[in-house]
Amino acid sequence: MTKRIWQRILHNKASLAGFVLVMFFALVALLAPVLAPSHTADPYQVPQSSYDITPQPPSAQHLFGTTEQQYDLYYGVVWGTRLAFKIGITVTFFAFLIGLLLGSAAAYFGGKIDEIIMRLTDVVFAVPSLVLAMVIAAMLGPDLHNMMIALTAVAWPSYARLVRGDVLSVKERDFVTASKALGARGPRLLLKHILPNSIYPSVVVASLDIGYIVLTAASLSFLGLGAQPGTADWGQLIAMARNWVLGNGTNTFAYWYTVVAPGSAIFLFVLGWNLLGDGFRDILDPRQG
């Protein structure tokens with residue numbers, strides 16, 4: 001199976017490009033302490049050279065320039081990569097786990113359990129995910145961990161519905177009927193025979209969701225509902241650039257670097273995960289041959 005996956009990735013230009021991008025960011029995140037050494041107890045706190053309000057262009061001291069109040073963009077982008085992986089993988093993992101447990105329980109047991117869980121997902125789906133995440137984050141208070149809780153709370157229903165549908169389909173197949181005839185029952189039947197054949201579509205969605213989660217987290221930070229000012233968070237870096245997007249009145253592109261550096265990081269990170277997710281879809285979909 002592993003050999004087949006690698007062959008598919010290497011022969012698909014889009015998935016290969018996604019894999020290269022994700023591996024590049026993974027390498028940056030892994031080498032963050034070397035690429036941008038921290039001199040504080042909290043490595044996610046961006047160094048600040050002064051309190052001057054005007055951003056400064058790229059230089060030997062600040063490779064990507066600085067934001068307002070002189071936060072180093074290079075440091076913020078490098079350590080923001082590690083934070084992006086932390087947010088994306090953590091939120092996706094817990095959302096996937098919650099959705100897997102609730103969706104499989106709803107499909108397998110049916111009845112009132114199915115009704116309660118599905119109506120709960122309907123409630124979450126009734127509100128746009130970004131708006132609901134904003135409300136939950138605002139109620140919990142602006143904080144990085146609270147933001148991750150809010151994102152998890154709005155992300156799990158999609159997995160629950162997807163898993164439920166796949167379990168309902170798989171549980172009616174002949175090999176499950178045969179397993180029942182041989183004495184497989186309860187959790188053993190679900191965990192050994194049904195779920196392993198039901199989770200592939202959810203794995204594809206999870207690989208796509210990592211990029212989406214990071215993009216949504218950046219949106220919340222930009223709105224002041226995520227990372228605090230001075231945190232190595234791409235959304236927070238763009239928030240500190242919002243007053244300089246239109247330049248200085250005479251030159252529209254005078255402060256281009258304040259947006260280009262974190263904006264490019266977000267764009268390429270999300271693009272990489274999307275391309276890689278499409279590759280996984282082609283690999284794990286049996287209809288692709």
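Positions are given from 1, in the same order as the sequence printed here.
For N248, the side-chain hydrogen bond (donor to acceptor under 3.5 Å, both in side chains) partners at least two apart in sequence or on another chain are T250. With sequence neighbours excluded, no residue forms a side-chain hydrogen bond (donor to acceptor under 3.5 Å, both in side chains) with Y255. Take Q48 and apply the side chain to side chain contact (heavy atoms under 4.5 Å, CB included) test, not counting sequence neighbours, and it matches Y51, Q69, Y71.
Contact between Y159 and S202 at its shortest, heavy atoms only, is CE2-O, 3.7 Å. Across T152 and A95, no two heavy atoms sit closer than the pair CG2-N, 3.9 Å. In terms of heavy-atom proximity, S38 sits nearest to Y75 at CB-OH, 3.2 Å. Considering all non-hydrogen atoms of both residues, Q70 and T54 come closest at NE2-O, 2.6 Å. Heavy atoms only, all atoms of each residue included: Y212 and S129 are closest at OH-OG, 2.9 Å. Between L151 and A217, the closest heavy-atom pair is CD1-CB, 3.8 Å.
Of the possible polar contacts, none joining the S221 side chain to the A218 backbone as a donor-acceptor pair under 3.5 Å is found. Put simply, the side chain of Q228 gets close to the backbone of P142: a donor and an acceptor are under 3.5 Å apart. Judged by distance alone, with hydrogens and angles left aside, the side-chain atoms of N146 form a donor-acceptor pair with the main-chain N or O of G141 at under 3.5 Å.
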May I have the list of side-chain donor-acceptor pairs in residues 263-277 shorter than 3.5 Å, sequence neighbours left out?
residue	atom	partner	partner atom	Å
S264	OG	V260	O	2.7

Name each donor-acceptor pair under 3.5 Å that joins a side chain in residues 235-242 to protein atoms two or more places apart or in another chain, with its distance.
residue	atom	partner	partner atom	Å
Q236	NE2	A227	O	2.8
R242	NE	A239	O	3.0
R242	NH2	F222	O	3.2

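Looking at heavy atoms from C-beta onward, D233 lies in side-chain contact with I87 at the 4.5 angstrom threshold. Using a 4.5 Å cut-off on side-chain heavy atoms (C-beta onward), V46 and L73 make no contact. With a 4.5 Å cut-off on side-chain heavy atoms, F96 and S158 do not count as touching. Side-chain contact between T66 and D52 is absent, with no heavy atoms from C-beta onward closer than 4.5 Å. Taking the side chain as every heavy atom from C-beta outward, S59 and F64 never approach each other to under 4.5 Å. Taking 4.5 Å as the limit, every side-chain heavy atom of K86 sits out of range of all side-chain heavy atoms of R82. Contact annotation: the side chain of R161 approaches that of M118 to within less than 4.5 Å [non-hydrogen atoms, C-beta and beyond]. Using a 4.5 Å cut-off on side-chain heavy atoms (C-beta onward), T121 and W156 make contact.
One hydrophobic cluster holds both V77 and L35 under the rule that ILVMFWY side chains link at heavy-atom gaps under 4.5 Å. V28 and L30 are assigned to two separate hydrophobic clusters, defined by single-linkage of ILVMFWY side chains at heavy-atom distances under 4.5 Å. V124 and V131 end up in the same hydrophobic cluster when Ile, Leu, Val, Met, Phe, Trp and Tyr side chains are linked at under 4.5 Å. Under a hydrophobic-cluster definition in which Ile, Leu, Val, Met, Phe, Trp and Tyr are linked whenever side-chain heavy atoms come within less than 4.5 Å, directly or via other members, L223 and V214 are assigned to the same cluster. If you chain together hydrophobic residues whose side chains sit under 4.5 Å apart, V123 and I116 never meet in one group.
Remark: L120 CG to L102 CG distance equals 7.5 Å, nearest 0.5 Å. Atom OG1 of T231 is separated from atom CD of Q45 by 5.5 Å, given to the nearest 0.5 angstrom.
Taking a 6.0 Å sphere around CZ of F125, one finds it holds more than 12 heavy atoms contributed by other residues, nucleotides or ligands. Environment of CG in L27: crowded, with over 12 heavy atoms of neighbouring residues, nucleotides or ligands closer than 6.0 Å.
With a 4.5 Å cut-off between side-chain heavy atoms of Ile, Leu, Val, Met, Phe, Trp and Tyr, the cluster of L101 takes in F93, F94, L97.
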